[in-house]
2 protein chains.
Amino acid sequence: MPNDAKFAEIAALLGETTRATMLHALMDGRALTASELARAARVTPQTASNHLARMTAANLVCVSQQGRHRYYRLASPAVARLIENVMQVAFERHPASISFNTIATGPRDAAMRLARTCYDHLAGRLGVAITDALVEHHHLELTADAGWVTDSGAQLLQQIGIDWPNLSADRRNQSGRVLCRPCLDWSERRAHLAGALGSALCELAFQKDWIRRRTDTRAVMITPKGRRDFRAWFKVRLDD
Amino acid sequence: MPNDAKFAEIAALLGETTRATMLHALMDGRALTASELARAARVTPQTASNHLARMTAANLVCVSQQGRHRYYRLASPAVARLIENVMQVAFERHPASISFNTIATGPRDAAMRLARTCYDHLAGRLGVAITDALVEHHHLELTADAGWVTDSGAQLLQQIGIDWPNLSADRRNQSGRVLCRPCLDWSERRAHLAGALGSALCELAFQKDWIRRRTDTRAVMITPKGRRDFRAWFKVRLDD
DNA sequence: CCCATGTTTCGATGGCGGCCGAAGCATTCC
DNA sequence: GGAATGCTTCGGCCGCCATCGAAACATGGG
């Protein structure tokens with residue numbers, strides 16, 4: 001009932017390792033079954049079930065039944081953003097404690113560091129590299145809190161098959177610039193592309209088989225075709 | 001050490017009513033003493049001290065000593081944003097449970113609803129009204145994730161004494177548009193202005209005595225001069 | 001220097017909540 | 001229909017942590 005209580009309720013649900021692990025497993029945007037989540041968090045199914053029920057009640061995740069499986073996924077983009085935000089605060093640099101944080105805070109897995117999905121967009125070196133390349137070639141302008149696509153950027157997107165003006169139209173944009181959100185990547189500690197543009201780019205990359213999902217991980221593999229096309233379209237350099 | 005653990009650590013710190021209450025008390029951006037925070041959360045000083053020590057260690061708040069008082073404040077804007085984000089998820093509307101959430105979720109206090117500070121910017125009806133007026137008169141364009149100031153907006157800001165181009169210059173803005181972040185207000189459930197612009201406007205409003213702080217609350221009072229000038233400059237209507 | 005005030009440390013207590021075993025329900029496959 | 005699989009409910013155990021009293025420490029004032 002009081003504001004603070006509901007606030008604490010949500011935060012408390014995030015603030016427990018088992019649930020946190022499950023939520024992170026859902027951060028790639030896919031839906032996972034209760035047992036998969038139990039395995040991911042290394043707890044028994046009944047424990048997982050309990051956690052999932054509570055997170056469902058609090059609208060952190062939602063569930064859809066298919067046969068005898070129950071697929072759980074994050075309830076909304078806002079939840080994904082919230083999780084990102086906690087990560088950001090968790091790994092924010094602070095003058096006093098740099099020595100503690102500098103070592104081994106990023107994902108251990110090399111594949112994870114190279115390329116992974118972050119709810120609905122690309123993260124890791126690939127995500128950062130694409131974003132950097134777009135900025136470098138003036139297709140995109142980014143600030144700490146916001147970003148927008150330039151005219152040349154809109155043209156580029158059009159060519160690869162993203163109807164950007166149309167995409168951004170329903171968000172009351174009028175002047176052709178727009179709507180992407182920087183998202184701090186906690187392995188690279190660099191802004192990369194989230195928001196509508198990040199989502200559209202990620203979808204396109206799967207569709208064109210530039211990247212492929214791996215099983216049981218948020219890491220994605222970059223196909224040879226992807227390597228070529230990322231370079232051709234975005235002038236992305238991943239190998240130096 | 002593992003990512004999930006540090007994530008959970010931060011979230012767990014937010015997820016406890018006493019600490020949550022303290023953090024909310026700090027959301028107006030001011031620094032409060034340990035005893036003030038203890039009173040706000042209705043716990044003994046020693047309990048508060050314990051919580052504050054842990055939140056300081058986790059870089060959620062930071063402390064500066066003055067005499068025998070220790071003043072605590074939020075450690076960074078990122079923390080304030082995080083707290084806002086949790087509120088947003090906590091009060092997000094969900095088709096299934098609207099009937100529960102529609103009643104009495106906003107701040108009870110009428111003054112709070114009318115005008116209050118939200119870390120470093122204005123919220124409540126005043127914050128929303130200013131934002132609406134800016135958008136209506138095409139001084140500002142807002143989307144779900146981002147926003148920018150139009151040329152006419154930059155002119156208006158210049159007239160009231162905010163050097164907007166200069167303000168946004170250090171965030172690699174080149175084309176005069178820019179940098180403000182919508183922030184969902186959980187009493188009005190409407191976007192209002194945060195980010196650099198929100199902060200500058202709020203500061204200006206205090207400086208020009210359009211609004212004044214009240215003691216012991218985030219609510220601010222709007223002065224008669226404020227009422228006049230908000231109307232004159234921004235065409236804000238607060239009374240209908 | 002002594003007392004008042006603000007804050008922290010220590011130790012003990014109590015309660016909340018995560019966890020699993022056992023059992024029950026639902027769904028699918030044979 | 002019966003067995004297997006996926007998931008949930010129930011009950012009891014255990015550990016963690018919020019809380020407070022008591023006391024120590026720090027600062028400033030008289």
Side-chain angles (χ1 to χ4, degrees), chain A residues 1-2 4-26 30-58 60-73 96 215-216, chain B residues 1-2 4-26 30-58 60-73 216:
Chain A
M1 178 76 158
D4 290 1
K6 197 159 183 69
F7 172 96
E9 181 197 325
I10 296 294
L13 285 172
L14 305 184
E16 197 270 334
T17 22
T18 300
R19 283 188 296 257
T21 307
M22 291 182 181
L23 288 170
H24 275 99
L26 293 172
R30 281 182 302 180
L32 300 178
T33 67
S35 345
E36 284 172 327
L37 289 167
R39 262 198 309 278
R42 305 184 179 283
V43 290
T44 59
Q46 58 272 35
T47 300
S49 176
N50 179 28
H51 288 309
L52 288 168
R54 295 173 60 182
M55 292 198 287
T56 306
L60 285 177
V61 301
C62 59
V63 62
S64 60
Q65 186 140 7
Q66 267 178 36
R68 46 186 169 184
H69 295 274
R70 289 171 74 100
Y71 282 93
Y72 288 89
R73 57 187 169 81
T215 51
D216 277 348
Chain B
M1 177 77 156
D4 290 1
K6 198 162 182 67
F7 172 96
E9 182 197 322
I10 297 294
L13 284 173
L14 306 183
E16 198 270 334
T17 21
T18 301
R19 284 189 295 260
T21 307
M22 292 183 181
L23 289 170
H24 275 98
L26 292 171
R30 282 183 298 183
L32 300 178
T33 67
S35 342
E36 285 172 326
L37 288 167
R39 261 198 309 279
R42 305 184 179 285
V43 290
T44 59
Q46 58 270 36
T47 300
S49 176
N50 179 28
H51 288 308
L52 289 168
R54 295 173 59 183
M55 291 197 287
T56 306
L60 284 177
V61 302
C62 59
V63 62
S64 59
Q65 185 140 7
Q66 269 178 37
R68 45 187 169 183
H69 295 273
R70 289 169 74 98
Y71 283 92
Y72 289 90
R73 56 187 170 80
D216 276 349

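Each chain gets a letter, A, B and so on, in the order the sequences are listed, and its residues count up from 1.
Look at CD on B/Glu9: it is 14 Å from C1' on D/dC17, rounded to the nearest Å. Here the C1' atom of nucleotide D/dC17 and the CG atom of B/Leu13 are 12 Å apart, to the nearest Å. Rounding to whole angstrom units, CG of residue B/Asn50 and C1' of D/dG21 are separated by 15 Å. Regarding A/Leu37, its CG atom lies at a distance of 13 Å from the C1' atom of D/dG6, rounded to whole Å. C/dT28 atom C1' lies 12 Å from atom CD of A/Gln65, rounded to whole Å. When rounded to the nearest whole Å, the span between CE of B/Met55 and C1' of D/dA18 equals 13 Å. Atoms CE (B/Met22) and P (D/dT19) sit 8 Å apart, rounded to a whole Å. For the pair A/His69 NE2 and C/dT27 P, the interatomic distance rounds to 13 Å; values are reported in whole Å.
Using a 4.0 Å heavy-atom cutoff across all strands shown, A/Arg54 reaches sugar-phosphate atoms only and no base atom. Among the heavy atoms of the strands, none lies under 4.0 Å from A/Tyr71.
Across B/Ala34 and B/Tyr72, no two heavy atoms sit closer than the pair CB-CE1, 3.9 Å. Minimum heavy-atom separation, B/Leu26 to B/Arg73: CD2-CA, 4.2 Å. Considering all non-hydrogen atoms of both residues, B/Leu52 and B/Val61 come closest at O-CG2, 4.2 Å. Listed here is the closest heavy atom pair of B/Ala40 and B/Thr21: O-CG2, 3.7 Å. Minimum interatomic distance between A/Ala58 and A/Ile10 (heavy atoms only, all atoms of both residues): O-CD1, 3.9 Å.
Proximity of A/His51 to the phosphate of C/dC19: a side-chain N or O atom is located under 4.0 Å from OP1 or OP2. The side chain of B/Thr18 contributes an N or O atom lying less than 4.0 Å from OP1 or OP2 of D/dT19. For the OP1/OP2 pair of D/dT19 and a distance below 4.0 Å, the side-chain nitrogens and oxygens of B/Thr44 include no atom meeting the criterion. Phosphate proximity of C/dC20 to A/Thr47: present, with a side-chain N or O under 4.0 Å from OP1 or OP2. Neither OP1 nor OP2 of D/dA26 sits under 4.0 Å from any side-chain N or O of B/Arg70. Contact annotation: A/Arg68 side-chain N/O to D/dA4 OP1/OP2 distance is not under 4.0 Å.
Toward the 5' end of DNA chain C, the nearer of the two residues B/Tyr72 and A/Glu16, judged by each one's closest nucleotide, is B/Tyr72.
Judged by distance alone, with hydrogens and angles left aside, A/Gln46 brings a side-chain donor or acceptor within reach of the base of C/dG21, the pair sitting under 3.5 Å.
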